[in-house]
Amino acid sequence: EKGTYPHYMLKEIDEQPSVVRKIIQAYENEQGELAIDPAIAEALHEADRLYIIAAGTSYHAGLVGKEYFEKIARIPVEVHISSEFGYNMPLLSEKPLFIFITQSGETADSRQVLVKIKELGYPTLTITNVPGSTLSREADYTMLLHAGPEIAVASTKAYVAQVAVLAIAAYVEAKSQRIEVNFDLKKELAIVANAIQSIVDSKEVFEIASKDYLSTTRNAFFIGRNIDYCVSVEGALKLKEISYIQAEGFAGGELKHGTIALIEEGTPVIALVTQKSVSLNIRGNVKEVTARGANPCIISMEGMEQDGDAIVLPQVHPLLTPLMSVVPLQLISYYAALYRGCDVDKPRNLAKSVTVE
Ligand code: F6R
């Protein structure tokens, strides 16, 4: 039930701190250390390459998952859109492990890939929010998201849960391989939960930002580099699906290769700046679009903020920023949809679970 909330989406955005805390508990062993099912650990260990298969927001979580498995656990990863992979399979490695990310566990595009992969005899893992769902039943292994039912069509807390579970899988795998990991994920996730809490507690900031940047525009760009780029495509999808504003997420450096031609007087460009290693580059990209008339909204993080940044998020571990930086993007999309009188929880032409190919 949505209780006193006007929309499920807002309720589900607010639930995100507790979802992160619940996941920490769900993946803790008796010693209080993060742990995963030993059979899944073994499957990750055996694999020479992971193939992440997903659609929509779950695909965007997979892009972040690739960063985790490669950077933390040193396993090569490919991320594929289910509807493409099924009909155009790439060359596979010798010992692939297939990971299906799906909130509902019912997405037909993802299931058709699972069916084909099972015929080929490769091991499969489903990461889903719904125990007993089709993709959970049909895969060899399941990891649950523990996000609670997600009712709004636009996925919010499931994305955060997916990213958190992927981080845990990569981290536990790295530890079991005795790969040096120089941070305590459990502690860092707790910090993230508090950071998200402070963001959802200051909703007016995002309501104002949304009004300033999005209330009348026809289009909007989200830009970022590296892991911020992964989040920018998710921010764009949120805005498209509930507010019907045409939006795209771009890698900052790619703008000059064509897209910058679209910048007009007043075009909103929402830039994520949470990664120190590329902060100068992305700020340079913001200058380029601003010089051509864009209306920039910089979302940065404590410790790397500058005067003029529209929003400064609390500091979290650099690899975990997607869990937090997606939240302002969810909120500004939510308010943009409200200003425009859109049906936030049930956007036109969309269904919560897409059971046709
Ligand atoms: C976006 C959204 C969709 C789903 C996609 C996959 O907010 O909800 O893009 O992410 O249809 O659905 P699942 O994760 O259930 O396989």
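Basis for what follows: all heavy atoms, side chains included, without hydrogens, waters or symmetry-related copies.
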Examine distances only and state if a side-chain atom of [X] and a backbone atom of [Y] form a donor-acceptor pair shorter than 3.5 Å.
X	Y	answer
Ser18	Glu15	yes
Asn129	Leu145	no
Ser243	Leu239	yes
Asp37	Ala39	yes
Ser210	Ala336	yes
Asn88	Phe85	no
Asp343	Pro347	no
Ser279	Val273	no
Tyr339	Leu214	no
Glu12	Ile151	yes

Is the [atom1] atom of [X] crowded by more than 12 outside heavy atoms at less than 6.0 Å?
X	atom1	result
Arg137	CZ	yes
Gln31	CD	yes
Glu357	CD	yes
Lys352	NZ	yes
Lys187	NZ	no
Arg111	CZ	no

Please give me the minimum heavy-atom distance between [X] and [Y], naming the atom from each residue.
X	Y	answer
Glu94	Asp48	N-OD2, 3.2 Å
Glu305	Gly303	OE1-N, 2.8 Å
Thr128	Ser136	CG2-CB, 4.0 Å
Tyr229	Gly224	CB-O, 3.5 Å
Ala220	Ile245	N-CG2, 4.1 Å
Gly105	Thr102	N-OG1, 2.9 Å

Side chain to side chain donor-acceptor pair (under 3.5 Å) between Thr321 and Gln275, intermediate numbers included: CA-CA 8 Å; Thr321 56; Gln275 301 296 305; 3.1 Å; yes
Pair Phe222 and Phe250, ring centroids less than 6.0 Å apart: no
Centroid-centroid under 6.0 Å between His7 and Tyr334 rings: yes
So if you build clusters from Ile, Leu, Val, Met, Phe, Trp, Tyr with side-chain heavy-atom gaps below 4.5 Å, do [X] and [Y] land together?
X	Y	result
Phe100	Val64	no
Ile53	Leu50	no
Val327	Val312	no
Phe183	Phe69	yes
Ile52	Val163	yes

Side-chain contact, heavy-atom cut-off 4.5 Å: [X] with [Y]?
X	Y	answer
Met9	Thr156	yes
Val19	Lys22	no
Tyr159	Pro322	yes
Phe221	Ile263	yes
Leu329	Glu234	no
Leu189	Leu323	yes
Glu173	His45	yes
Ser277	Asn226	yes

Audit row: Ser58, Gln162, side chain to side chain contact (heavy atoms under 4.5 Å, CB included) steps and yes/no: CA-CA 8 Å; Ser58 298; Gln162 287 162 345; 3.0 Å; yes
Gln330/Gln16 under side chain to side chain contact (heavy atoms under 4.5 Å, CB included): CA gap, chis, key distance, verdict: CA-CA 11 Å; Gln330 296 166 346; Gln16 294 177 116; 2.8 Å; yes
Ring-face cation of Arg348 near Tyr244 (centre distance under 6.0 Å, axis angle within 45°): yes
Cation-pi check, Lys118 onto Phe98 ring (under 6.0 Å, within 45° of axis): no
Salt bridge check, [Y] against [X]: does any charged N sit closer than 4.0 Å to a carboxylate O?
X	Y	value
Glu70	Arg74	no
Glu265	Arg292	no
Lys71	Glu67	yes
Asp14	Lys203	yes

Distance in Å, Leu338 CG paired with Ser333 OG, rounded so as to fall on 0.5 Å steps: 11.0 Å
Nearest-0.5 Å distance, CD of residue Gln177 to CG of residue Leu44: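 Result: 9.5 Å between the selected atoms.
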Pair Ile191-His317, side chain to side chain contact (heavy atoms under 4.5 Å, CB included): steps then yes or no: CA-CA 9 Å; Ile191 294 172; His317 189 281; over 6 Å; no
Chi angles and distances behind the salt bridge (Lys or Arg N to Asp or Glu O under 4.0 Å) call for Lys157, Glu150: CA-CA 7 Å; Lys157 61 177 180 171; Glu150 192 180 61; over 6 Å; no
Given Ile227, Val20, Leu185, Thr274, the one that forms side chain to side chain contact (heavy atoms under 4.5 Å, CB included) with Leu320: Leu185
Verdict with supporting geometry, Val165 and Tyr27, side chain to side chain contact (heavy atoms under 4.5 Å, CB included): CA-CA 9 Å; Val165 167; Tyr27 285 95; 3.9 Å; yes
Salt bridge (Lys or Arg N to Asp or Glu O under 4.0 Å) evaluation trace for Asp345 with Lys11: CA-CA 11 Å; Asp345 282 339; Lys11 173 173 181 270; over 6 Å; no
Check: residues 119-127 side-chain donor-acceptor pairs under 3.5 Å, at least two apart:
from   : atom 1 : to     : atom 2 : distance (Å)
Thr124 : OG1    : Asp140 : N      : 3.0
Thr124 : OG1    : Asp140 : OD2    : 3.4
Thr126 : OG1    : Leu135 : O      : 2.8

Derivation of the side chain to side chain donor-acceptor pair (under 3.5 Å) call for Thr134 and Glu106: CA-CA 6 Å; Thr134 306; Glu106 302 297 340; 2.4 Å; yes
